[in-house]
Engineer: 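After the structure tokens below, expect a handful of questions from me.
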Amino acid sequence: MLANLFSTKKTSLVGIDISSTACKLIELGKVGSRYRVESYAVEPLPQEAMADRDIRDPEVVGEALKRVISRSGTNMKHAAVAVAGSSVITKTIQMDKGLSEDDMENQIEVEADQYIPYPLEEVALDFQVLGESEKVPDKVDVLLAASRSENVYGRVDALELAGLTAKVVDVESYAIERSFRLLASQLPDQGEGQIIAVADIGATNTSLSVMEDFNTIYTREQTFGGSQLTEEIQRRYGLSYEEAGMAKKQGGLPDDYEPEVLEPFKEAIIQQVSRSLQFFYGSSQYGEVDHIVLAGGCSIIDGLEEMIEERLGTTASIANPFADMSLSSKVNAQALSSDAPSLVICCGLALRSFD
């Protein structure tokens, strides 16, 4: 089944990121050449709503989406949403240059079983023409993307329950790349000619995307994130998971928390980032990166940025894709600044309005 993993029709979209612990919403507008944040909100998800990053209970997620829409004050009805890169198979194939989009679609559906290791009735599939092929004259390179249908349509169904229509189903790594262009002013040499690693450390997953001149050249995902810190707080101090999560954010934990719980967790983050970078170096001609950008909810842990610089010997910064944007009167600037590192994917989805 063809899905809209790469919709290019220009339409106004709200970006919706359904992570393992929260629903996040960003609506962007433009005033002249400058982006403006029109509305935004974050709504936590109950633990039972998600299984890792797959939707376990669409109705619970749909209710959370209704709340996030209400809190944001947006009137938008069309949305862009994303699936995790680990749930998507991508492959570049060559096709005849003169084919129409309909002809390509028909041919891909006939030949897709050559490229996709799942029964086609279980797969959501889409393609995008990248341009003339350097490998094969008179052909074009076509990027094929496929994901199991439940990954895509679980999100589509949850959005529908909240009164939204999914116009675009994107891939998280592509959304990160789109947001990354907004970070230029925060990067060495404005990011030009630089190899930059973006470490997105979320609640259950950490992804590493390496960019060269703003284009993704490597991605890796692993199961690790802030929920492990929450679980350790829960275990050590006899709290419920919800209480542990609140204590992690608001403070008030015993004196031994920082040296015995938080510091080892920071060490674990550095180990995960270092390991992902070693995989990158081992699979490419590069032996170092010029800068590390930290994103995701864990990136704002006090002292982590400095610790990464010291341990890995590379400059680091915390992502804020909204730093150069104006804000509408209904957006709380302080709250947005605090949430900004965890809104990188959501922002990249909202940018699909301007493709």
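Quantities reported herein were computed from a predicted structural model and do not represent experimental measurements.
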Engineer: Determine yes or no for a side-chain-to-main-chain donor-acceptor pair under 3.5 angstrom, with N106 supplying the side chain and D102 the backbone.
Structural biologist: yes
Engineer: Counting distance only, does the side-chain N/O of S72 pair as donor-acceptor with the main-chain N or O of I69 below 3.5 Å?
Structural biologist: yes
Engineer: Without swapping roles, check the side chain of D189 against the backbone of E192 for a donor-acceptor pair under 3.5 Å.
Structural biologist: no
Engineer: What's the verdict on salt bridge (charged side-chain N to carboxylate O under 4.0 Å, His left out) for K24 and D339, showing C-alpha distance, side-chain angles and the deciding distance?
Structural biologist: CA-CA 10 Å; K24 305 161 197 173; D339 285 332; over 6 Å; no
Engineer: Between E310 and M307, is there a donor-acceptor pair closer than 3.5 Å when you use the side chain of the first and the backbone of the second?
Structural biologist: no
Engineer: Going by the angle between their ring planes, with limits at 30° and 60°, are F265 and F224 parallel, tilted or perpendicular?
Structural biologist: parallel
Engineer: If I take atom CZ from residue R178 and atom CG from residue L351, how far apart are they, to the nearest 0.5 angstrom?
Structural biologist: 7.0 Å
Engineer: Do S87 side-chain atoms and V83 backbone N/O form a donor-acceptor pair below 3.5 Å?
Structural biologist: no
Engineer: Using a 4.5 Å cut-off on heavy atoms from C-beta on, say whether the side chain of E309 contacts that of T314.
Structural biologist: no
Engineer: Quick check with a 6.0 Å cut-off and a 45 degree axis cone: is K30 positioned over the face of Y35's six-membered ring?
Structural biologist: yes
Engineer: Enumerate the salt bridge (charged side-chain N to carboxylate O under 4.0 Å, His left out) contacts for residues 248-257, please, sequence neighbours excluded, ordered by first and then second residue.
Structural biologist: R236-D256
Engineer: Taking C-beta and beyond as the side chain, do L45 and C23 meet within less than 4.5 Å on heavy atoms?
Structural biologist: yes
Engineer: Under the salt bridge (charged side-chain N to carboxylate O under 4.0 Å, His left out) rule, what pairs show up with a residue in residues 204-230, not counting sequence neighbours?
Structural biologist: R53-E221
Engineer: Apply the side-chain contact (heavy atoms from CB on, under 4.5 Å) test between L343 and each candidate in D17, V42, V37, L25; give the one that qualifies.
Structural biologist: V42
Engineer: Mind checking who shares a hydrophobic cluster with M211, ILVMFWY linked at side-chain heavy-atom distances under 4.5 Å?
Structural biologist: I176, F180, L183, L187, I196, V198, F214, V293, V344, I345, L349
Engineer: Got a salt bridge between E132 and K97, using NZ or NE/NH1/NH2 to carboxylate O under 4.0 Å?
Structural biologist: yes
Engineer: Flag yes if Y115 and V136 sit in one hydrophobic cluster, no otherwise; membership is Ile, Leu, Val, Met, Phe, Trp, Tyr, and two members link when side-chain heavy atoms are under 4.5 Å apart.
Structural biologist: no
Engineer: I'd like to know whether L312 forms a side-chain contact (heavy atoms from CB on, under 4.5 Å) with S274, so could you lay out the CA-CA distance, the side-chain angles of the two residues, the decisive distance to 0.1 Å, and finally the verdict.
Structural biologist: CA-CA 7 Å; L312 302 185; S274 176; 3.8 Å; yes
Engineer: Would you please test S227 and T21 for side-chain contact (heavy atoms from CB on, under 4.5 Å) and show each step?
Structural biologist: CA-CA 9 Å; S227 62; T21 57; 5.6 Å; no
Engineer: Locate the shortest heavy-atom distance separating V88 from A145; write the atom from each residue and the value.
Structural biologist: CG1-CB, 4.2 Å
Engineer: Can you list every side chain to side chain donor-acceptor pair (under 3.5 Å) pair that touches residues 319-328, not counting sequence neighbours?
Structural biologist: S185-D324
Engineer: Report yes or no: does R36 contribute a side-chain atom to a donor-acceptor pair with the main-chain N or O of L28 at less than 3.5 Å?
Structural biologist: no
Engineer: What I want to find out is whether E267 reaches R311 closely enough, with some N-O distance under 4.0 Å, to be called a salt bridge.
Structural biologist: yes
Engineer: Does the side-chain contact (heavy atoms from CB on, under 4.5 Å) test come out yes or no for N215 and R181, once each step is laid out?
Structural biologist: CA-CA 9 Å; N215 295 310; R181 296 179 180 276; 3.3 Å; yes
Engineer: Would you tabulate the side-chain donor-acceptor contacts of residues 330-337 under 3.5 Å, counting partners in other chains and residues two or more places apart, or write 'none'?
Structural biologist:
| unit_1 | atom_1 | unit_2 | atom_2 | d |
| --- | --- | --- | --- | --- |
| K330 | NZ | G73 | O | 3.0 |
| N332 | OD1 | Q334 | N | 3.0 |
| N332 | OD1 | A335 | N | 2.9 |

Engineer: Table please: side-chain donor-acceptor pairs of residues 137-144 below 3.5 Å, with sequence neighbours left out.
Structural biologist:
| unit_1 | atom_1 | unit_2 | atom_2 | d |
| --- | --- | --- | --- | --- |
| K139 | NZ | D96 | OD1 | 2.9 |
| D141 | OD1 | Q94 | NE2 | 2.7 |
| D141 | OD1 | S133 | OG | 3.1 |

Engineer: Please check if the side chain of D290 supplies one atom and the backbone of I195 the other of a donor-acceptor pair under 3.5 Å.
Structural biologist: yes
Engineer: So do the side chains of L65 and L161 get within less than 4.5 Å of each other, counting heavy atoms only?
Structural biologist: no
Engineer: Are Y218 and Y174 connected in the hydrophobic side-chain network, where two residues link if heavy atoms are under 4.5 Å apart?
Structural biologist: no
